Amino acid sequence: MDVEERMELATRNAVEVVTEDELREILETKERPVAYVGFEPSGKIHLGHKLVIDKMVDLQKAGFKVKILLADLHGYLNEKGSLEEVRETAEYNKRCFVAMGLDPKDTEFVLGSEFQLEPDYALDVYKMARHTTMKRARRSMDMIARREENPPVSQVVYPLMQALDIVHLGVDLAVGGLEQRKIHMLARDVLPKLGYEPPTCLHTPIIHGLDGDEKMSSSKGNFIAVDDDPDTIREKIMKAYCPMKETEGNPILELYRYFIFREYDEVTIERPEKYGGDVTYGSYEELERDYAAGEIHPLDLKENAARYMAEILAPVRRRLGVEA
RNA sequence: CCGGCCGCAGCUCAGUCUGGUAGAGCGCGGGACUGUAGAUCCCGUGGUCCCGGGUUCAAAUCCCGGCGGCCGGACCA
């Protein structure tokens, strides 16, 4: 695979790379570059997580060594539960990630508290604190903080640690959803002041909640979990926000764009003869164009999305050992 | 440490003064209308009234003591 092919694989379905030149240089010069993403342990692993995990699978194929941070301390700092509870959830998450297609032999899972309590790391946290304003730290948590009113101090420690994770894990490429952008930019600005290289960052899109909300999230219950059974998937999709001809912020179209066309080269919208019969598409753009033109009805879009998503997630359920 | 205000449905809050069957909006669920959802209109769901004691026939309400939050003051060695 040449560098351009690896670039293509690394950046597909991504919103941005900061910067593309840096990424290309990594691919050209590093023998075995390291890509990392961190997750706060979550009781439900959903499609928002899958988007990022899929990206890590891409990066693995593009030659990266992949590290997944199970950020137990971050979860604790962000009030996701006691340390014990958060660690238990982290174990479940690890099993989900493996079931989602990350090769466990080729992926390094790291529990945050394994290295974040070391003296060298702790001193770096204080140095970061010394070079970061309160406003900047709080702003970086805009899309991440569990609580906006009465935030505990832990919420400004959080982004400092996340920046340091990048250097202490020896990472070449930091990956995350677009909501991580402000923390990553903070890392690029401040890490050099501690004598570290500014990290290269890659951001995946934030997918809309099924209710049309800006973000799919466990707390809002507007998600499809990777271990949802086919009936649940169908039920959720049927109830989802999906205005006719509307392509902006349409969560069902996003399923096609980011998940269905990722798995299938050709996608068939099956529908009754009276509504025009089956149609097959070779790319998301063609489907989107027809939907915008009103050629595809939302109900047909949903019925078929449900069928495809159940198919895509079936292996995850099987590997997790859940009844089908 | 002192003072003021606050704590009630998943959320925002009313009700406390003057004790008497716990409310509204939003959300959520279901129906109607749509070949989807949403919008709209109906119907429904909603509770440790922060905790513990006390007074009373009766306490979300009054009294005492805690806990938690916000704001202010004091201390500034």
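All chains are named by letter (A, B, ...) in the order of the sequence lines, taking the proteins before the strands, and each is independently numbered beginning at 1. Atom set for the values below is all heavy atoms of this structure, side chains included, hydrogens, waters and symmetry mates excluded. Predicted model, so just to flag it, every value in this text is computed and none were measured.
Pairing for B:U18 is absent, judged as Watson-Crick or G-U wobble with the two contacts each under 3.5 Å. Pairing partner, B:C28: B:G44, with both Watson-Crick or wobble hydrogen-bond distances short of 3.5 Å. For B:C13, the paired base is B:G23 (Watson-Crick or G-U wobble, both distances below 3.5 Å). Shown here, B:C75 forms no base pair; nothing in the strands shown gives a Watson-Crick or G-U wobble contact with both key distances under 3.5 Å. Using N1 to N3 plus N6-O4 or O6-N4 for Watson-Crick, or N1-O2 and O6-N3 for G-U wobble, each under 3.5 Å, B:A60 pairs with nothing.
Distance NE2 (A:H208) to P (B:G38): 17 Å, rounded to an integer number of Å. Rounded to whole Å, atom P of B:C28 lies 15 Å from atom NZ of A:K236. Nucleotide B:A37 holds its P atom 11 Å from the CZ atom of A:R234, rounded to whole Å. The NZ atom of A:K220 sits 19 Å away from the P atom of B:G10 (whole-angstrom rounding). Residue A:Y291 contributes atom OH, which lies 12 Å from atom P of B:A37 at whole-angstrom precision. Between the CD1 atom of A:I252 and the C1' atom of B:G38 there is a distance of 12 Å, rounded to whole Å.
If you check residues 237-246 of chain A against RNA chain B, the residues with a heavy atom closer than 4.0 Å are A:M238, A:K239, A:A240, A:Y241, A:C242, A:P243, A:M244, listed by number.
Among the heavy atoms of the strands lying under 4.0 Å from A:D300 is at least one base atom, whether or not backbone atoms are also near.
A donor-acceptor pair shorter than 3.5 Å cannot be found between the side chains of A:Y36 and A:E108. Between the side chains of A:T107 and A:Q60, at least one donor N or O lies within less than 3.5 Å of an accepting N or O. With 3.5 Å as the limit, one finds a donor-acceptor pair spanning the side chains of A:S113 and A:D72. At a cut-off of 3.5 Å, with distance as the only test, a side-chain donor of A:T232 or A:D229 sits close to an acceptor on the other residue. A donor-acceptor contact closer than 3.5 angstrom links the side chains of A:Y158 and A:E40. Side chain to side chain, A:D227 and A:Y92 meet the donor-acceptor criterion of an N or O pair below 3.5 Å.
Sorted by first then second residue, the salt bridge (charged side-chain N to carboxylate O under 4.0 Å, His left out) pairs that include residues 164-188 of chain A, not counting sequence neighbours, are A:E16-A:R181, A:E22-A:R188, A:K30-A:D172, A:D142-A:K182.
Between A:L73 and A:V86, every side-chain heavy-atom pair lies at or beyond the 4.5 Å cut-off.
Between A:H297 and A:Y275, the ring center distance fails the sub-6.0 Å criterion.
Taking atom C1' in both B:C28 and B:G69, the straight-line distance is 28 Å, to the nearest Å. Here the separation of B:A9 from B:G15, taken at their P atoms, is 15 Å to the nearest Å.
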Taking only nitrogen or oxygen atoms into account, show me every contact under 3.5 Å that the protein makes with nucleotides 67-71 of chain B, one pair per line with its distance.
residue : atom : partner : partner atom : Å
B:G69   : O2'  : A:N150  : ND2          : 3.3

